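First comes the structure, then the notes that go with it.
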Protein chains: 2
Amino acid sequence: MLIGGLAKATGTKVNTIRFYEDIGLMPEPERTAAGQRTYTERDVKRLAFIRQARKLGFSIEEARSLLELKNTPNGSCDKAGDIAKQHLLSVEDRLTRLEALRAELENVVVSCTGGDVSDCKIIETLSQSRPKSVSAKPKRRSHAFSSL
Amino acid sequence: MLIGGLAKATGTKVNTIRFYEDIGLMPEPERTAAGQRTYTERDVKRLAFIRQARKLGFSIEEARSLLELKNTPNGSCDKAGDIAKQHLLSVEDRLTRLEALRAELENVVVSCTGGDVSDCKIIETLSQSRPKSVSAKPKRRSHAFSSL
DNA sequence: GCTAGCACCTCCAGTGGCTGTAGAGGCAAG
DNA sequence: CTTGCCTCTACAGCCACTGGAGGTGCTAGC
């Protein structure tokens, strides 16, 4: 199976597969005489696992850890549970922030009655130093959830 | 007022101010003889506006548009309303996805009873091709909401 | 034998919105 | 004159890819 086949089998872009190989998430595969990568059913499973983890919002590093755990059959399940719990917490945190944001935006949107810019509530709200509080200082930002 | 003063007055990092200048979101300020940037109260207001828009999740390009509208006093408020409405829609979309994700993660987390990896439900779920459906194909991804 | 049309290859730049660092120069107080 | 901040420019890094340039390899049809 060539890279295009693996891509189709897992719904992954070809470039993404090569990227995973670059960062060591997928192993370097055998090559044909012409230098083309060849994959096995093992690779399909591994990549499917990774994609599933990514869809659930786990970072690549978390996916890497989960894969390691998967391939350590005599290990305990606790670590996987910890990773998932931690991740759930961060999802819940995001949800809270996003809900607060929606509430603020709803206020803003409703207040726009289509008049002149000079008395536009949207512009006005943005001009105020603190319309309510969206709570600053996240200290660290994670880029993991951009598409959600 | 030097750049550090503007930074404090608006709660923005110095590097961020220079970054905004680079991308033309903040105007190039006057300089002292020694080449240091000097700012006025106008700049404080403009930057505060930008930061407020960013806190509400507007992208930099949206902030740029809102600023333009703000400085066009004879214009209509409708465009600002459109930008805000569009933005609210995308926030609601994110919320929906994130809630679905939370539900899936809760299932996964609860199912982990701390046994051996070989019968770990988390690993098992990730190994399945489709545990439920997280609805694929976002077609375009926006990186706007990483911190939310 | 020639050409078209693929799939594959490597390498690199770009996305968004900053953040952090290096190395140099400036400026006021002690 | 030194100390300790400030400021300057310029550039690398974050995340998880994506897309493109420019090339090779292979097969099918004329």
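Naming: A, B, ... by sequence-line order, numbering from 1 per chain. It should be emphasised that the depicted structure is a prediction, and the values quoted were computed from it without experimental measurement.
Residue B:K13 places none of its side-chain N or O atoms closer than 4.0 Å to OP1 or OP2 of C:dG17. At D:dC17, one or more side-chain N or O atoms of A:R54 fall inside 4.0 Å of OP1 or OP2 (strictly under the cut-off). Considering only side-chain N and O atoms, B:R37 lies nowhere under 4.0 angstrom from the phosphate OP1 or OP2 of D:dC6. Contact annotation: A:T16 side-chain N/O to D:dT18 OP1/OP2 distance is under 4.0 Å. A close approach under 4.0 Å does occur between a side-chain nitrogen or oxygen of A:R18 and OP1 or OP2 of C:dC9.
Under a cut-off of 6.0 angstrom, the local environment of NZ in A:K121 is sparse, with at most 12 non-hydrogen atoms contributed by other residues, nucleotides or ligands. Counting non-hydrogen atoms of other residues, nucleotides and ligands closer than 6.0 Å to CD of A:Q86 gives a total of 12 or fewer. Few gaps surround CZ on B:R31; more than 12 heavy atoms of other groups in view lie less than 6.0 Å from it.
Fit an axis to the five pairs at each end of the helix from C:dG1-D:dC30 to C:dG30-D:dC1 and the two axes sit 30° apart, to the nearest 10 degrees.
Per the geometry, CG belonging to A:L2 stands 11 Å off P belonging to D:dC26, to the nearest Å. Atom CZ in A:F19 sits about 18 Å away from atom P in C:dG14, given to the nearest Å. Here C:dG17 presents its P atom at 16 Å from NZ of B:K55, a figure rounded to the nearest Å. A:I60 has its CD1 atom 5 Å from the P atom of D:dA16, to the nearest Å. In this entry the distance linking OH of A:Y20 with P of D:dC15 reads 14 Å, nearest Å. Rounded to whole angstrom, the span from the CG atom of A:N15 across to the C1' atom of C:dT15 amounts to 14 Å. The distance between atom CD of B:E21 and atom C1' of D:dT9, rounded to the nearest whole Å, is 12 Å. The distance between atom OH of B:Y39 and atom C1' of D:dC6, rounded to the nearest whole Å, is 14 Å.
Using a 4.0 Å cut-off between charged side-chain N and carboxylate O, A:E21 and A:R37 make a salt bridge. Under 4.0 Å is where a charged nitrogen must lie from a carboxylate oxygen, and between B:R18 and B:D22 no such pair does.
Under a hydrophobic clustering in which Ile, Leu, Val, Met, Phe, Trp and Tyr are joined whenever their side-chain heavy atoms come within less than 4.5 Å, directly or via other members, A:L89 and A:I83 fall into different clusters.
Here the side chain of A:D43 pairs no donor or acceptor atom with the backbone of A:Y39 at under 3.5 angstrom. Judged by distance alone, the side chain of B:T12 and the main-chain N or O of B:K8 form no donor-acceptor pair under 3.5 Å.
Remark on DNA chain D: of its neighbouring residues B:G5 and A:A33, the 5'-side contact belongs to B:G5, judged by nearest-heavy-atom nucleotide.
Within residues 24-32 of chain B, no residue has a heavy atom under 4.0 Å from DNA chain C.
Side-chain contact, B:R46 with B:Y20: no donor N or O sits under 3.5 Å from an acceptor N or O.
Among the atoms of the strands shown, none is found under 4.0 Å from any heavy atom of A:I23. Using a 4.0 Å heavy-atom cutoff across all strands shown, A:I3 reaches sugar-phosphate atoms only and no base atom. Residue B:R51 is classed as a sugar-phosphate contact, given heavy-atom separations below 4.0 Å to backbone atoms only.
Between A:C77 and B:I123 there is no side-chain heavy-atom pair separated by less than 4.5 Å. Considering only heavy atoms from C-beta on, A:E106 comes within 4.5 Å of A:R102 through its side chain.
In terms of heavy-atom proximity, A:A9 sits nearest to A:V44 at CB-CG1, 4.3 Å.
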Report, one pair per line, the protein and nucleotides 24-26 of chain C atoms (nitrogen or oxygen only) whose separation is under 3.5 Å.
none

